[in-house]
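Convention: sequence-line order gives letters A, B, ...; per-chain numbering from 1.
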Number of protein chains: 2
Amino acid sequence: MLTPERHQIILRLLKEKNVVKIQEIMELTDTSESTIRRDLSQLEDQKFLKRIHGGASRLQGKLQEPSMVEKSSKNLQEKRMIAQYAASLVEAGDCIYLDAGSTVIEMIGYLPLKEIVVVTNGLMHIAPLLNKGISTYLIGGLAKPNTNAFIGRGALASLDLYRFDKCFMGVNGIHPQFGFTTPDQEEALVKQKAISLSREAFVLADNTKFAEISFAKISEIHEASIITNELEDETEKQYVNRTTIKVVTA
Amino acid sequence: MLTPERHQIILRLLKEKNVVKIQEIMELTDTSESTIRRDLSQLEDQKFLKRIHGGASRLQGKLQEPSMVEKSSKNLQEKRMIAQYAASLVEAGDCIYLDAGSTVIEMIGYLPLKEIVVVTNGLMHIAPLLNKGISTYLIGGLAKPNTNAFIGRGALASLDLYRFDKCFMGVNGIHPQFGFTTPDQEEALVKQKAISLSREAFVLADNTKFAEISFAKISEIHEASIITNELEDETEKQYVNRTTIKVVTA
DNA sequence: TGGTTTTTGAAAGAAAGTGATTGATTTCTG
DNA sequence: CAGAAATCAATCACTTTCTTTCAAAAACCA
(Lines give C-alpha, C1' and ligand atoms only; values in the text may rest on other atoms or scores of the structure.)
Protein backbone atom coordinates (compact mmCIF):
# COMPACT_ATOMS: atom_id res chain seq x y z
CA MET A 1 0.00 0.00 0.00
CA LEU A 2 1.33 3.39 -1.01
CA THR A 3 2.15 6.01 1.56
CA PRO A 4 -0.35 8.60 0.34
CA GLU A 5 -3.08 5.98 0.44
CA ARG A 6 -2.40 5.34 4.09
CA HIS A 7 -2.40 9.03 4.75
CA GLN A 8 -5.78 9.37 3.13
CA ILE A 9 -7.14 6.58 5.25
CA ILE A 10 -5.82 8.14 8.42
CA LEU A 11 -7.24 11.53 7.62
CA ARG A 12 -10.58 10.06 6.70
CA LEU A 13 -10.71 8.16 9.96
CA LEU A 14 -9.88 11.30 11.85
CA LYS A 15 -12.60 13.19 10.10
CA GLU A 16 -15.08 10.68 11.33
CA LYS A 17 -13.87 10.00 14.81
CA ASN A 18 -11.84 12.93 16.12
CA VAL A 19 -9.39 10.48 17.63
CA VAL A 20 -7.77 7.36 16.23
CA LYS A 21 -5.59 4.76 17.89
CA ILE A 22 -2.46 3.51 16.23
CA GLN A 23 -3.64 -0.03 16.81
CA GLU A 24 -6.73 0.73 14.82
CA ILE A 25 -4.86 2.09 11.84
CA MET A 26 -2.47 -0.85 11.89
CA GLU A 27 -5.31 -3.30 11.54
CA LEU A 28 -6.99 -1.32 8.86
CA THR A 29 -3.92 -0.83 6.73
CA ASP A 30 -2.19 -4.08 7.60
CA THR A 31 1.13 -2.40 8.26
CA SER A 32 3.50 -2.21 11.17
CA GLU A 33 3.47 0.12 14.12
CA SER A 34 6.63 1.81 12.92
CA THR A 35 5.10 2.72 9.61
CA ILE A 36 2.04 4.24 11.17
CA ARG A 37 4.19 6.21 13.56
CA ARG A 38 6.12 7.62 10.66
CA ASP A 39 2.89 8.47 8.88
CA LEU A 40 1.55 10.26 11.90
CA SER A 41 4.77 12.21 12.32
CA GLN A 42 4.66 13.34 8.73
CA LEU A 43 1.03 14.29 8.89
CA GLU A 44 1.71 16.20 12.05
CA ASP A 45 4.52 18.11 10.37
CA GLN A 46 2.09 19.02 7.61
CA LYS A 47 -0.34 20.24 10.25
CA PHE A 48 -2.99 17.71 9.33
CA LEU A 49 -3.32 16.27 12.80
CA LYS A 50 -1.94 16.28 16.28
CA ARG A 51 -0.16 13.31 17.68
CA ILE A 52 -1.24 12.12 21.08
CA HIS A 53 -0.11 9.28 23.25
CA GLY A 54 -1.63 6.22 21.64
CA GLY A 55 -2.64 7.73 18.36
CA ALA A 56 -3.64 11.01 16.84
CA SER A 57 -6.36 13.57 17.20
CA ARG A 58 -7.89 16.03 14.86
CA LEU A 59 -6.63 19.52 15.42
CA GLN A 60 -9.53 21.81 15.89
CA GLY A 61 -9.42 25.41 14.91
CA LYS A 62 -8.72 27.53 11.91
CA LEU A 63 -5.89 25.61 10.38
CA GLN A 64 -7.98 22.64 9.47
CA GLU A 65 -10.82 24.24 7.59
CA PRO A 66 -9.18 25.97 4.63
CA SER A 67 -7.73 22.80 3.20
CA MET A 68 -10.91 20.83 3.68
CA VAL A 69 -13.21 23.48 2.34
CA GLU A 70 -10.90 24.06 -0.55
CA LYS A 71 -10.86 20.43 -1.39
CA SER A 72 -14.56 19.91 -1.10
CA SER A 73 -15.45 22.88 -3.26
CA LYS A 74 -12.93 21.85 -5.83
CA ASN A 75 -14.41 18.42 -5.97
CA LEU A 76 -17.96 19.57 -5.69
CA GLN A 77 -18.45 20.37 -9.33
CA GLU A 78 -17.13 17.04 -10.41
CA LYS A 79 -19.27 15.33 -7.83
CA ARG A 80 -22.29 17.16 -9.20
CA MET A 81 -21.58 16.09 -12.74
CA ILE A 82 -21.38 12.51 -11.66
CA ALA A 83 -24.47 12.86 -9.50
CA GLN A 84 -26.46 14.42 -12.29
CA TYR A 85 -25.68 11.61 -14.66
CA ALA A 86 -26.52 9.01 -12.04
CA ALA A 87 -29.84 10.71 -11.33
CA SER A 88 -30.68 10.61 -15.03
CA LEU A 89 -30.67 6.82 -14.83
CA VAL A 90 -33.62 6.82 -12.49
CA GLU A 91 -36.93 6.16 -14.24
CA ALA A 92 -40.51 6.72 -13.24
CA GLY A 93 -41.73 3.92 -11.01
CA ASP A 94 -38.28 2.98 -9.78
CA CYS A 95 -37.54 2.03 -6.21
CA ILE A 96 -33.97 3.06 -5.58
CA TYR A 97 -31.50 2.84 -2.72
CA LEU A 98 -29.29 5.82 -1.97
CA ASP A 99 -26.21 5.16 0.09
CA ALA A 100 -25.11 7.67 2.73
CA GLY A 101 -22.30 9.86 1.52
CA SER A 102 -21.51 13.22 0.08
CA THR A 103 -21.45 12.28 -3.58
CA VAL A 104 -24.73 10.42 -3.47
CA ILE A 105 -26.47 13.25 -1.64
CA GLU A 106 -25.83 15.47 -4.63
CA MET A 107 -28.06 13.19 -6.69
CA ILE A 108 -31.15 14.26 -4.86
CA GLY A 109 -31.39 17.63 -6.53
CA TYR A 110 -31.39 15.98 -9.94
CA LEU A 111 -33.84 13.17 -9.27
CA PRO A 112 -36.94 13.11 -11.46
CA LEU A 113 -40.09 13.93 -9.55
CA LYS A 114 -42.24 11.25 -11.05
CA GLU A 115 -43.41 8.51 -8.79
CA ILE A 116 -40.23 7.17 -7.41
CA VAL A 117 -39.55 5.63 -4.05
CA VAL A 118 -36.25 6.17 -2.30
CA VAL A 119 -34.77 4.08 0.47
CA THR A 120 -31.63 5.31 2.17
CA ASN A 121 -29.38 4.88 5.18
CA GLY A 122 -28.27 8.50 5.14
CA LEU A 123 -29.71 10.79 7.73
CA MET A 124 -28.83 13.90 5.80
CA HIS A 125 -30.72 12.68 2.75
CA ILE A 126 -34.11 12.77 4.39
CA ALA A 127 -34.77 16.49 4.49
CA PRO A 128 -33.97 17.24 0.83
CA LEU A 129 -35.88 14.16 -0.30
CA LEU A 130 -38.99 15.15 1.60
CA ASN A 131 -38.60 18.68 0.31
CA LYS A 132 -38.91 17.35 -3.21
CA GLY A 133 -42.02 15.46 -2.25
CA ILE A 134 -40.45 12.07 -2.81
CA SER A 135 -41.63 9.03 -0.88
CA THR A 136 -38.74 8.36 1.41
CA TYR A 137 -37.84 5.41 3.57
CA LEU A 138 -34.96 5.28 5.99
CA ILE A 139 -33.55 2.01 7.12
CA GLY A 140 -33.08 1.76 10.86
CA GLY A 141 -30.09 0.89 12.93
CA LEU A 142 -27.30 2.38 14.96
CA ALA A 143 -26.63 6.02 14.20
CA LYS A 144 -22.96 6.44 13.42
CA PRO A 145 -21.63 9.75 14.72
CA ASN A 146 -20.13 12.20 12.27
CA THR A 147 -21.11 10.35 9.13
CA ASN A 148 -24.82 10.30 9.84
CA ALA A 149 -25.19 6.86 8.40
CA PHE A 150 -27.12 3.97 9.90
CA ILE A 151 -25.38 0.68 10.36
CA GLY A 152 -25.40 -2.50 12.36
CA ARG A 153 -27.81 -5.33 12.84
CA GLY A 154 -30.88 -3.13 12.78
CA ALA A 155 -29.85 -1.63 9.50
CA LEU A 156 -29.30 -5.01 7.90
CA ALA A 157 -32.60 -6.35 9.18
CA SER A 158 -34.48 -3.32 7.94
CA LEU A 159 -32.97 -3.67 4.52
CA ASP A 160 -34.50 -7.11 4.21
CA LEU A 161 -37.90 -5.53 3.77
CA TYR A 162 -36.98 -3.95 0.48
CA ARG A 163 -36.03 -4.79 -3.07
CA PHE A 164 -34.50 -2.19 -5.33
CA ASP A 165 -34.50 -1.54 -9.03
CA LYS A 166 -31.26 0.37 -8.75
CA CYS A 167 -28.88 1.27 -5.99
CA PHE A 168 -26.36 4.09 -5.95
CA MET A 169 -23.35 3.67 -3.72
CA GLY A 170 -20.71 6.06 -2.53
CA VAL A 171 -17.22 4.76 -2.10
CA ASN A 172 -14.06 5.76 -0.36
CA GLY A 173 -11.65 4.04 -2.62
CA ILE A 174 -11.34 1.59 -5.43
CA HIS A 175 -8.58 -0.94 -5.22
CA PRO A 176 -7.60 -3.42 -7.91
CA GLN A 177 -7.39 -6.32 -5.52
CA PHE A 178 -9.92 -5.49 -2.84
CA GLY A 179 -12.56 -3.85 -4.96
CA PHE A 180 -14.61 -1.02 -3.57
CA THR A 181 -13.44 0.01 -0.16
CA THR A 182 -14.60 1.91 2.88
CA PRO A 183 -12.86 2.37 6.22
CA ASP A 184 -15.71 1.07 8.34
CA GLN A 185 -16.58 -2.57 8.27
CA GLU A 186 -20.08 -2.04 9.59
CA GLU A 187 -20.76 0.35 6.79
CA ALA A 188 -19.33 -2.11 4.33
CA LEU A 189 -21.84 -4.73 5.42
CA VAL A 190 -24.74 -2.40 4.79
CA LYS A 191 -23.47 -1.52 1.35
CA GLN A 192 -22.95 -5.15 0.54
CA LYS A 193 -26.46 -6.06 1.53
CA ALA A 194 -28.05 -3.18 -0.35
CA ILE A 195 -26.23 -4.23 -3.48
CA SER A 196 -27.43 -7.77 -3.10
CA LEU A 197 -31.02 -6.56 -2.94
CA SER A 198 -30.77 -4.51 -6.08
CA ARG A 199 -31.23 -5.47 -9.70
CA GLU A 200 -28.58 -2.97 -10.77
CA ALA A 201 -25.80 -1.34 -8.80
CA PHE A 202 -24.06 1.90 -9.57
CA VAL A 203 -20.96 3.16 -7.85
CA LEU A 204 -20.34 6.89 -7.82
CA ALA A 205 -16.67 7.75 -7.58
CA ASP A 206 -14.78 10.82 -8.56
CA ASN A 207 -11.32 10.08 -9.82
CA THR A 208 -9.62 10.96 -6.53
CA LYS A 209 -11.11 7.83 -5.05
CA PHE A 210 -9.04 5.44 -7.07
CA ALA A 211 -6.51 4.71 -4.49
CA GLU A 212 -9.31 0.71 2.54
CA ILE A 213 -12.11 -2.62 4.08
CA SER A 214 -13.66 -3.69 0.83
CA PHE A 215 -17.42 -3.88 0.69
CA ALA A 216 -17.60 -5.65 -2.60
CA LYS A 217 -15.13 -7.23 -4.87
CA ILE A 218 -15.66 -5.67 -8.22
CA SER A 219 -16.33 -9.04 -9.73
CA GLU A 220 -19.08 -9.70 -7.20
CA ILE A 221 -21.31 -7.00 -8.53
CA HIS A 222 -23.12 -8.50 -11.45
CA GLU A 223 -24.77 -5.54 -13.01
CA ALA A 224 -22.46 -2.88 -11.68
CA SER A 225 -21.45 0.36 -13.21
CA ILE A 226 -18.94 2.82 -11.98
CA ILE A 227 -19.81 6.39 -12.73
CA THR A 228 -16.80 8.66 -12.56
CA ASN A 229 -15.17 11.63 -14.14
CA GLU A 230 -12.09 11.51 -16.31
CA LEU A 231 -9.54 8.88 -15.52
CA GLU A 232 -6.02 10.04 -15.90
CA ASP A 233 -4.35 6.98 -17.24
CA GLU A 234 -4.77 3.42 -18.28
CA THR A 235 -3.58 2.14 -14.95
CA GLU A 236 -6.78 3.24 -13.41
CA LYS A 237 -8.88 1.72 -16.10
CA GLN A 238 -7.52 -1.69 -15.37
CA TYR A 239 -9.20 -1.51 -11.99
CA VAL A 240 -12.59 -1.56 -13.49
CA ASN A 241 -12.28 -3.83 -16.45
CA ARG A 242 -14.92 -6.20 -15.17
CA THR A 243 -17.65 -3.64 -14.96
CA THR A 244 -19.30 -1.07 -17.11
CA ILE A 245 -17.66 2.26 -16.63
CA LYS A 246 -19.29 5.52 -17.48
CA VAL A 247 -17.01 8.52 -17.67
CA VAL A 248 -18.78 11.83 -17.25
CA THR A 249 -17.10 14.85 -18.75
CA ALA A 250 -17.86 18.51 -18.45
CA MET B 1 -9.34 4.66 26.16
CA LEU B 2 -7.20 7.56 25.00
CA THR B 3 -6.66 10.54 27.23
CA PRO B 4 -8.36 13.10 24.99
CA GLU B 5 -11.43 10.91 24.80
CA ARG B 6 -11.77 11.02 28.56
CA HIS B 7 -11.23 14.74 28.53
CA GLN B 8 -14.00 15.09 26.00
CA ILE B 9 -16.33 13.12 28.20
CA ILE B 10 -15.48 15.16 31.26
CA LEU B 11 -16.01 18.44 29.48
CA ARG B 12 -19.28 17.24 28.05
CA LEU B 13 -20.46 16.25 31.49
CA LEU B 14 -19.50 19.63 32.84
CA LYS B 15 -21.33 21.38 30.07
CA GLU B 16 -24.48 19.62 31.13
CA LYS B 17 -24.29 19.73 34.84
CA ASN B 18 -21.96 22.50 36.01
CA VAL B 19 -20.52 20.12 38.57
CA VAL B 20 -19.26 16.60 38.20
CA LYS B 21 -18.05 14.06 40.77
CA ILE B 22 -14.94 12.02 40.31
CA GLN B 23 -16.87 8.90 41.19
CA GLU B 24 -19.21 9.61 38.35
CA ILE B 25 -16.46 10.00 35.79
CA MET B 26 -14.78 6.83 37.01
CA GLU B 27 -17.87 4.80 36.35
CA LEU B 28 -18.46 6.38 33.01
CA THR B 29 -14.94 5.94 31.73
CA ASP B 30 -14.12 2.73 33.56
CA THR B 31 -10.82 4.04 34.85
CA SER B 32 -9.23 4.54 38.24
CA GLU B 33 -9.50 7.44 40.60
CA SER B 34 -5.87 8.35 40.03
CA THR B 35 -6.37 8.71 36.34
CA ILE B 36 -9.36 10.96 36.72
CA ARG B 37 -7.51 13.10 39.21
CA ARG B 38 -4.70 13.54 36.75
CA ASP B 39 -7.18 14.39 34.02
CA LEU B 40 -8.83 17.01 36.17
CA SER B 41 -5.48 18.54 37.06
CA GLN B 42 -4.53 18.81 33.42
CA LEU B 43 -7.85 20.27 32.42
CA GLU B 44 -7.58 22.76 35.23
CA ASP B 45 -4.13 23.79 34.05
CA GLN B 46 -5.63 24.36 30.63
CA LYS B 47 -8.33 26.50 32.22
CA PHE B 48 -11.12 24.24 31.11
CA LEU B 49 -12.53 23.70 34.57
CA LYS B 50 -12.00 24.31 38.26
CA ARG B 51 -11.26 21.50 40.62
CA ILE B 52 -13.38 21.27 43.72
CA HIS B 53 -13.45 18.82 46.56
CA GLY B 54 -14.93 15.64 45.14
CA GLY B 55 -14.77 16.58 41.52
CA ALA B 56 -14.75 19.59 39.26
CA SER B 57 -16.93 22.51 38.39
CA ARG B 58 -17.36 24.58 35.32
CA LEU B 59 -15.60 27.89 35.55
CA GLN B 60 -18.08 30.58 34.85
CA GLY B 61 -16.98 33.46 32.77
CA LYS B 62 -16.74 34.07 29.10
CA LEU B 63 -17.05 30.51 27.95
CA GLN B 64 -20.61 29.96 29.12
CA GLU B 65 -22.98 28.23 26.81
CA PRO B 66 -26.26 29.82 25.82
CA SER B 67 -28.24 27.02 27.39
CA MET B 68 -31.33 28.93 28.46
CA VAL B 69 -31.55 31.28 25.56
CA GLU B 70 -34.96 30.24 24.35
CA LYS B 71 -37.14 30.91 27.32
CA SER B 72 -39.65 32.64 25.13
CA SER B 73 -42.57 30.31 24.87
CA LYS B 74 -44.59 29.82 27.99
CA ASN B 75 -45.52 26.37 26.85
CA LEU B 76 -41.92 25.49 26.32
CA GLN B 77 -41.02 25.98 29.93
CA GLU B 78 -43.76 23.67 31.07
CA LYS B 79 -42.68 21.14 28.50
CA ARG B 80 -39.19 21.37 29.87
CA MET B 81 -40.29 20.78 33.42
CA ILE B 82 -42.11 17.69 32.36
CA ALA B 83 -39.21 16.57 30.22
CA GLN B 84 -36.72 17.09 33.01
CA TYR B 85 -38.70 14.98 35.38
CA ALA B 86 -39.11 12.27 32.81
CA ALA B 87 -35.38 12.26 32.10
CA SER B 88 -34.67 11.84 35.80
CA LEU B 89 -36.41 8.47 35.63
CA VAL B 90 -33.78 7.11 33.31
CA GLU B 91 -31.14 5.04 35.07
CA ALA B 92 -27.69 3.90 34.07
CA GLY B 93 -27.89 0.82 31.91
CA ASP B 94 -31.39 1.53 30.66
CA CYS B 95 -32.46 0.98 27.11
CA ILE B 96 -35.19 3.51 26.45
CA TYR B 97 -37.51 4.39 23.59
CA LEU B 98 -38.13 8.04 22.80
CA ASP B 99 -41.18 8.80 20.75
CA ALA B 100 -41.02 11.48 18.09
CA GLY B 101 -42.52 14.73 19.25
CA SER B 102 -41.70 18.10 20.63
CA THR B 103 -42.15 17.36 24.31
CA VAL B 104 -40.09 14.20 24.24
CA ILE B 105 -37.27 15.92 22.37
CA GLU B 106 -36.83 18.23 25.31
CA MET B 107 -35.89 15.23 27.42
CA ILE B 108 -32.64 14.75 25.59
CA GLY B 109 -30.90 17.69 27.22
CA TYR B 110 -31.65 16.25 30.64
CA LEU B 111 -30.73 12.64 30.02
CA PRO B 112 -27.97 11.22 32.18
CA LEU B 113 -24.81 10.49 30.25
CA LYS B 114 -24.06 7.16 31.79
CA GLU B 115 -24.28 4.16 29.59
CA ILE B 116 -27.75 4.39 28.25
CA VAL B 117 -29.06 3.27 24.91
CA VAL B 118 -31.76 5.23 23.15
CA VAL B 119 -34.02 3.98 20.39
CA THR B 120 -36.25 6.48 18.66
CA ASN B 121 -38.46 7.05 15.66
CA GLY B 122 -37.83 10.79 15.67
CA LEU B 123 -35.53 12.17 13.05
CA MET B 124 -34.91 15.37 14.93
CA HIS B 125 -33.76 13.47 18.00
CA ILE B 126 -30.71 12.00 16.38
CA ALA B 127 -28.41 15.01 16.26
CA PRO B 128 -28.80 16.10 19.90
CA LEU B 129 -28.48 12.50 21.09
CA LEU B 130 -25.25 11.96 19.19
CA ASN B 131 -23.99 15.29 20.46
CA LYS B 132 -24.34 13.98 23.98
CA GLY B 133 -22.39 10.90 23.07
CA ILE B 134 -25.32 8.58 23.63
CA SER B 135 -25.64 5.32 21.72
CA THR B 136 -28.53 6.03 19.42
CA TYR B 137 -30.67 3.76 17.27
CA LEU B 138 -33.31 4.90 14.85
CA ILE B 139 -36.05 2.59 13.76
CA GLY B 140 -36.57 2.54 10.05
CA GLY B 141 -39.62 3.12 7.99
CA LEU B 142 -41.46 5.67 5.92
CA ALA B 143 -40.43 9.23 6.63
CA LYS B 144 -43.51 11.21 7.44
CA PRO B 145 -43.24 14.75 6.10
CA ASN B 146 -43.60 17.63 8.56
CA THR B 147 -43.43 15.56 11.71
CA ASN B 148 -40.12 13.88 10.95
CA ALA B 149 -41.32 10.64 12.43
CA PHE B 150 -40.88 7.20 10.96
CA ILE B 151 -43.92 5.03 10.55
CA GLY B 152 -45.35 2.17 8.57
CA ARG B 153 -44.48 -1.45 8.08
CA GLY B 154 -40.74 -0.83 8.14
CA ALA B 155 -40.98 0.98 11.43
CA LEU B 156 -42.99 -1.78 13.05
CA ALA B 157 -40.66 -4.46 11.78
CA SER B 158 -37.60 -2.60 13.01
CA LEU B 159 -39.11 -2.19 16.43
CA ASP B 160 -39.29 -5.93 16.79
CA LEU B 161 -35.54 -6.03 17.20
CA TYR B 162 -35.65 -4.18 20.49
CA ARG B 163 -36.90 -4.45 24.04
CA PHE B 164 -37.08 -1.42 26.28
CA ASP B 165 -36.79 -0.80 29.97
CA LYS B 166 -38.80 2.36 29.64
CA CYS B 167 -40.55 4.21 26.88
CA PHE B 168 -41.50 7.85 26.77
CA MET B 169 -44.39 8.79 24.56
CA GLY B 170 -45.64 12.11 23.33
CA VAL B 171 -49.35 12.51 22.95
CA ASN B 172 -51.75 14.81 21.21
CA GLY B 173 -54.65 14.36 23.52
CA ILE B 174 -56.04 12.33 26.36
CA HIS B 175 -59.67 11.32 26.20
CA PRO B 176 -61.63 9.59 28.92
CA GLN B 177 -63.13 7.06 26.61
CA PHE B 178 -60.52 6.63 23.93
CA GLY B 179 -57.39 6.95 26.04
CA PHE B 180 -54.29 8.51 24.60
CA THR B 181 -54.90 9.90 21.17
CA THR B 182 -53.02 10.97 18.10
CA PRO B 183 -54.39 12.09 14.73
CA ASP B 184 -52.42 9.69 12.59
CA GLN B 185 -53.27 6.05 12.65
CA GLU B 186 -49.91 4.99 11.33
CA GLU B 187 -48.20 6.82 14.12
CA ALA B 188 -50.58 5.30 16.60
CA LEU B 189 -49.50 1.83 15.51
CA VAL B 190 -45.89 2.62 16.13
CA LYS B 191 -46.62 4.01 19.57
CA GLN B 192 -48.71 1.02 20.43
CA LYS B 193 -46.00 -1.36 19.41
CA ALA B 194 -43.27 0.50 21.28
CA ILE B 195 -45.36 0.42 24.44
CA SER B 196 -45.90 -3.29 24.08
CA LEU B 197 -42.16 -3.82 23.91
CA SER B 198 -41.44 -1.82 27.04
CA ARG B 199 -41.46 -2.81 30.68
CA GLU B 200 -42.70 0.61 31.72
CA ALA B 201 -44.44 3.28 29.71
CA PHE B 202 -44.53 7.00 30.44
CA VAL B 203 -46.72 9.51 28.70
CA LEU B 204 -45.59 13.12 28.61
CA ALA B 205 -48.47 15.52 28.36
CA ASP B 206 -48.77 19.14 29.32
CA ASN B 207 -52.19 20.06 30.60
CA THR B 208 -53.33 21.55 27.31
CA LYS B 209 -53.44 18.06 25.91
CA PHE B 210 -56.40 16.88 27.93
CA ALA B 211 -59.28 16.88 25.44
CA GLU B 212 -58.17 12.38 18.29
CA ILE B 213 -57.26 8.09 16.98
CA SER B 214 -56.31 6.48 20.26
CA PHE B 215 -53.02 4.64 20.35
CA ALA B 216 -53.64 3.01 23.65
CA LYS B 217 -56.56 2.76 25.97
CA ILE B 218 -55.35 3.91 29.30
CA SER B 219 -56.27 0.59 30.77
CA GLU B 220 -54.13 -1.21 28.25
CA ILE B 221 -50.94 0.21 29.57
CA HIS B 222 -49.96 -1.87 32.51
CA GLU B 223 -47.18 0.10 34.05
CA ALA B 224 -48.08 3.47 32.68
CA SER B 225 -47.49 6.85 34.14
CA ILE B 226 -48.64 10.17 32.85
CA ILE B 227 -46.23 12.97 33.51
CA THR B 228 -47.88 16.35 33.32
CA ASN B 229 -47.99 19.75 34.88
CA GLU B 230 -50.80 21.07 37.05
CA LEU B 231 -54.25 19.84 36.27
CA GLU B 232 -56.88 22.49 36.58
CA ASP B 233 -59.82 20.53 37.85
CA GLU B 234 -61.05 17.19 38.95
CA THR B 235 -62.65 16.54 35.61
CA GLU B 236 -59.29 16.03 34.12
CA LYS B 237 -58.11 13.78 36.87
CA GLN B 238 -60.86 11.32 36.16
CA TYR B 239 -59.27 10.72 32.79
CA VAL B 240 -56.29 9.17 34.32
CA ASN B 241 -57.59 7.35 37.31
CA ARG B 242 -56.33 4.02 36.13
CA THR B 243 -52.73 5.04 35.90
CA THR B 244 -50.10 6.64 38.03
CA ILE B 245 -50.06 10.34 37.47
CA LYS B 246 -47.11 12.50 38.28
CA VAL B 247 -47.77 16.20 38.42
CA VAL B 248 -44.68 18.31 38.00
CA THR B 249 -44.77 21.77 39.49
CA ALA B 250 -42.41 24.66 39.18
C1' DT C 1 21.41 -5.64 -14.27
C1' DG C 2 23.72 -3.28 -10.52
C1' DG C 3 23.86 0.38 -7.54
C1' DT C 4 21.33 4.00 -5.05
C1' DT C 5 17.54 5.76 -2.51
C1' DT C 6 13.34 5.04 -0.11
C1' DT C 7 10.41 2.44 2.64
C1' DT C 8 9.66 -0.91 5.93
C1' DG C 9 9.67 -3.79 10.25
C1' DA C 10 11.98 -5.14 14.41
C1' DA C 11 14.47 -4.22 18.72
C1' DA C 12 16.14 -1.73 22.81
C1' DG C 13 16.05 1.81 25.94
C1' DA C 14 13.45 6.10 27.23
C1' DA C 15 9.15 8.27 28.26
C1' DA C 16 4.43 8.47 29.45
C1' DG C 17 0.19 6.60 31.32
C1' DT C 18 -2.04 3.73 34.73
C1' DG C 19 -3.67 1.73 39.11
C1' DA C 20 -2.82 0.78 43.89
C1' DT C 21 -1.18 2.33 48.26
C1' DT C 22 0.12 5.42 51.79
C1' DG C 23 -0.67 8.94 54.96
C1' DA C 24 -2.22 13.81 55.17
C1' DT C 25 -6.24 16.81 54.73
C1' DT C 26 -10.92 17.95 54.35
C1' DT C 27 -15.75 17.19 55.04
C1' DC C 28 -19.47 14.94 57.33
C1' DT C 29 -22.08 13.53 61.46
C1' DG C 30 -23.60 12.99 65.90
C1' DC D 1 -15.85 19.25 69.20
C1' DA D 2 -14.33 14.54 68.19
C1' DG D 3 -14.44 10.48 65.60
C1' DA D 4 -15.68 8.58 61.15
C1' DA D 5 -15.77 8.88 56.37
C1' DA D 6 -14.43 10.73 52.22
C1' DT D 7 -11.18 13.04 49.37
C1' DC D 8 -6.63 14.32 48.25
C1' DA D 9 -1.48 14.52 46.83
C1' DA D 10 2.53 11.89 46.46
C1' DT D 11 4.79 7.93 45.34
C1' DC D 12 5.90 3.21 43.48
C1' DA D 13 5.66 -0.68 40.53
C1' DC D 14 3.87 -2.02 36.27
C1' DT D 15 2.21 -1.58 31.52
C1' DT D 16 1.86 0.65 27.28
C1' DT D 17 3.54 3.65 24.03
C1' DC D 18 7.42 6.42 22.00
C1' DT D 19 11.88 7.41 19.98
C1' DT D 20 15.92 5.96 17.98
C1' DT D 21 18.56 2.98 15.48
C1' DC D 22 19.70 -0.53 12.18
C1' DA D 23 19.35 -3.96 8.72
C1' DA D 24 16.36 -6.12 5.30
C1' DA D 25 13.11 -5.38 1.56
C1' DA D 26 11.23 -2.70 -2.06
C1' DA D 27 11.23 0.85 -5.40
C1' DC D 28 13.90 3.66 -8.43
C1' DC D 29 17.24 4.97 -12.01
C1' DA D 30 20.50 4.71 -15.04
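- Within the 4.0 angstrom heavy-atom criterion, only backbone atoms of the sugar-phosphate kind lie near B:I52; the bases stay farther away.
- For the pair B:D39 CG and D:dC8 C1', the interatomic distance rounds to 16 Å; values are reported in whole Å.
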Worked check of ring pair (Phe, Tyr, Trp, His ring centres under 6.0 Å) between A:F168 and A:Y97
CA-CA 6 Å; A:F168 297 88; A:Y97 178 85; 9.7 Å; no
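- Counting to the nearest Å, the P atom of D:dA6 and the NE2 atom of B:H53 are 11 Å from each other.
- Residues A:R6 and A:T31 have side chains that never bring a donor and an acceptor to within less than 3.5 angstrom of each other.
- A distance-only check finds a donor-acceptor pair linking the side chain of A:T120 to the backbone of A:L98 [under 3.5 Å].
- Distance A:I25 CD1 to D:dC18 P: 10 Å, rounded to the nearest Å.
- Of all nucleotides in DNA chain C, those with any atom nearer than 4.0 Å to a heavy atom of chain B start and finish, going 5' to 3', at C:dT18 to C:dT27.
- Proximity of a side-chain donor or acceptor of A:K191 to a complementary backbone N or O of A:G170 within less than 3.5 Å is detected.
- Across all strands, A:T35 comes closer than 4.0 Å only to sugar-phosphate atoms, never to a base (heavy-atom distances).
- Between B:E33 atom CD and D:dC8 atom P there is a gap of 7 Å when expressed in whole angstrom units.
- The 5' end of DNA chain D is approached more closely, in terms of each residue's nearest nucleotide, by B:K21 than by the other of B:K21 and B:R38.
- In this structure, a donor-acceptor pair under 3.5 Å is absent between the side chains of B:S198 and B:K166.
- In this model, the phosphate group of D:dT11 is not approached by any side-chain N or O of B:R37 to a distance below 4.0 Å at OP1 or OP2.
- Among the candidates B:V117, B:V119, B:I96, the single residue satisfying the side-chain contact (heavy atoms from CB on, under 4.5 Å) test with B:F164 is B:V119.
- In this structure, B:R51 places its CZ atom 15 Å from C1' of D:dA6, rounding to the nearest Å.
- Summarising the geometry, the separation between CD1 on A:I22 and C1' on D:dT15 is reported as 16 Å, rounded to the nearest angstrom.
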